[in-house]
Structures are given as structure tokens and as C-alpha cells.
Amino acid sequence: MIKKSSSQYTQLKEDSVKPKKEFTFFEDVYEVVRLIPKGRVSSYGAIASYLGTKLSARMVGWAMNAAHQVRPKVPAHRVVNRNGMLTGKHHFSTPTEMEVLLKKEGVLIENDTVIDFKSKFWDPSKELGM
DNA sequence: TTCCTGACTCCAG
DNA sequence: CCTGGAGCCAGGA
């Protein structure tokens with residue numbers, strides 16, 4: 001039982017002014033997503049990788065979950081999984097919202113998957129240079 | 001505090 | 001081709 005007291009860390013921080021953490025990761029995710037060109041799509045893993053946390057693709061999805069209430073607007077519909085599947089469609093106002101938005105931008109969907117995903121794929125590490 | 005879940009991905013069978 | 005488990009880490013119960 002290594003029951004340590006957290007008090008030993010309390011003096012480490014004096015920034016009692018800031019109740020919240022920095023949330024830089026989420027903000028970075030939103031910024032990258034906003035850079036995805038219209039008519040193109042990216043993946044959770046690609047974004048995570050670009051931000052240096054390759055193994056945290058799930059966190060990108062988690063960030064998208066809260067992206068709807070973030071301003072400026074975040075085009076979350078342009079983020080799909082590595083296979084081009086619209087795994088996040090159920091998190092939009094309607095189950096077809098994501099697909100409709102993409103089609104409006106020229107990205108065709110079939111069976112919940114982006115058609116010709118390979119050519120529509122936008123890799124931040126490659127496009128933004130790394 | 002601990003435990004569980006997830007808009008993911010990789011790897012082994 | 002499909003399935004399951006591990007690693008990731010922020011929140012909610």
C-alpha cells in the first residue's frame with residue numbers, strides 16, 4: 001500500500017487562478033481539423049500522429065465529441081477513420097448529417113465509406129510538412 | 001478513490 | 001475476411 005499524499009504536489013503549482021487545464025491538445029486538434037480543405041477528408045490517427053501522439057487516436061475522436069460546441073466551427077465531418085468509414089455519423093444531429101455534408105463538398109459516400117478515399121485523404125503530416 | 005467507456009489503430013490468430 | 005486484445009487518456013458514475 002503506497003498511499004501517498006497528494007499534498008506533496010500542491011505547492012508545485014501556484015496558478016490557482018486557472019481552474020482548468022490548458023487543453024492544448026484539443027485546441028490543436030481543432031486547428032488541424034479546420035485546415036482540412038473542402039472536399040477532402042482526414043483520419044483520427046493521421047491527426048494524432050501529426051500532433052505527436054500517434055497512439056492517442058481515440059483522443060482525437062473524443063475531441064470531436066466536444067467539437068460541436070466549439071467556436072469557430074470545426075468541420076468534424078471531414079474526419080473519418082483510417083478506412084474512410086464514417087464511424088462518427090451517429091454523433092451528429094441526424095444519422096445522415098455527416099454523409100450529407102460530405103456529399104455537398106463533393107465527397108461521395110457509399111455504405112458509410114468514402115469512395116476513392118485514398119485520393120481524398122488529406123494527411124496533415126504531409127500537407128503541412130513535418 | 002477506482003472502474004468503465006469510447007467518433008481509433010495495430011497486431012496476432 | 002473477421003475477431004479479440006492491448007495501448008492510449010479524458011470524463012463520468
Side-chain angles (χ1 to χ4, degrees):
Chain A
M1 52 153 68
I2 318 274
K3 203 165 201 167
K4 70 169 174 54
S5 168
S6 61
S7 59
Q8 53 186 297
Y9 295 111
T10 56
Q11 299 305 316
L12 204 60
K13 277 195 156 192
E14 294 186 34
D15 286 72
S16 56
V17 183
K18 276 199 170 183
K20 287 198 167 190
K21 295 177 72 176
E22 299 181 12
F23 278 95
T24 57
F25 178 71
F26 279 37
E27 289 303 322
D28 287 343
V29 171
Y30 300 148
E31 256 182 73
V32 174
V33 174
R34 284 193 278 255
L35 292 177
I36 302 175
K38 190 177 179 185
R40 304 288 295 282
V41 293
S42 193
S43 73
Y44 306 97
I47 294 171
S49 182
Y50 174 71
L51 295 178
T53 55
K54 178 185 176 184
L55 301 178
S56 302
R58 307 184 83 179
M59 286 301 94
V60 176
W62 190 257
M64 292 299 95
N65 189 37
H68 290 298
Q69 47 195 330
V70 174
R71 301 296 183 284
K73 179 184 144 191
V74 177
H77 61 282
R78 295 187 190 139
V79 184
V80 298
N81 77 353
R82 74 182 181 105
N83 298 313
M85 295 172 62
L86 280 54
T87 50
K89 60 183 294 185
H90 293 304
H91 291 266
F92 286 79
S93 56
T94 67
T96 56
E97 180 76 11
M98 189 173 188
E99 183 173 337
V100 170
L101 288 173
L102 285 173
K103 278 186 178 177
K104 222 182 285 185
E105 299 181 352
V107 179
L108 302 182
I109 309 299
E110 184 176 77
N111 200 20
D112 289 344
T113 303
V114 175
I115 296 178
D116 197 14
F117 175 60
K118 191 175 180 182
S119 68
K120 307 268 187 199
F121 182 61
W122 184 85
D123 186 351
S125 297
K126 204 159 114 185
E127 303 293 339
L128 301 179
M130 72 149 287

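Fair warning: this is a prediction, and the values are worked out from it, not measured in the lab.
In this structure, A/Met85 atom CE and C/dC2 atom C1' are separated by 13 Å, rounded to whole Å.
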Side-chain donor/acceptor pairs under 3.5 Å, residues 85-99 of chain A, sequence neighbours excluded:
from	atom 1	to	atom 2	distance (Å)
A/Lys89	NZ	A/Asp112	OD1	2.8
A/Thr94	OG1	A/Glu97	N	3.2
A/Glu99	OE2	A/Lys103	NZ	3.2

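Side-chain contact between A/Tyr44 and A/Val79 is present, with at least one heavy-atom pair separated by less than 4.5 Å.
Chaining together hydrophobic side chains whose heavy atoms lie under 4.5 Å apart leaves A/Val100 on its own.
Applying the salt bridge (Lys or Arg N to Asp or Glu O under 4.0 Å) test to every pair with at least one member in residues 74-83 of chain A, sequence neighbours left out, gives these pairs: A/Arg78-A/Glu105. The salt bridge (Lys or Arg N to Asp or Glu O under 4.0 Å) contacts involving residues 49-77 of chain A comprise nothing, where partners must be two or more places apart or lie in separate chains.
At least one donor-acceptor pair under 3.5 Å links the side chain of A/Asp123 to the backbone N or O of A/Ser125. Judged purely by atom type and a 3.5 angstrom limit, A/Tyr30 has no side-chain atom pairing as donor or acceptor with the backbone of A/Pro72.
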| query | How does protein contact run along nucleotides 7-13 of chain B, one letter per nucleotide 5' to 3', with B for base contact, S for sugar-phosphate only, - for none, heavy atoms under 4.0 Å? | reply | BBSS---
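When hydrophobic clusters are built by joining Ile, Leu, Val, Met, Phe, Trp and Tyr residues whose side-chain heavy atoms come closer than 4.5 Å, directly or via intermediates, A/Trp62 is grouped together with A/Val29.
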| query | Dot-bracket for DNA chain C: what is it, with Watson-Crick or G-U pairs under 3.5 Å, [ ] where a pair crosses earlier ones, and | for a pair to another strand? | reply | .||||||.|||||
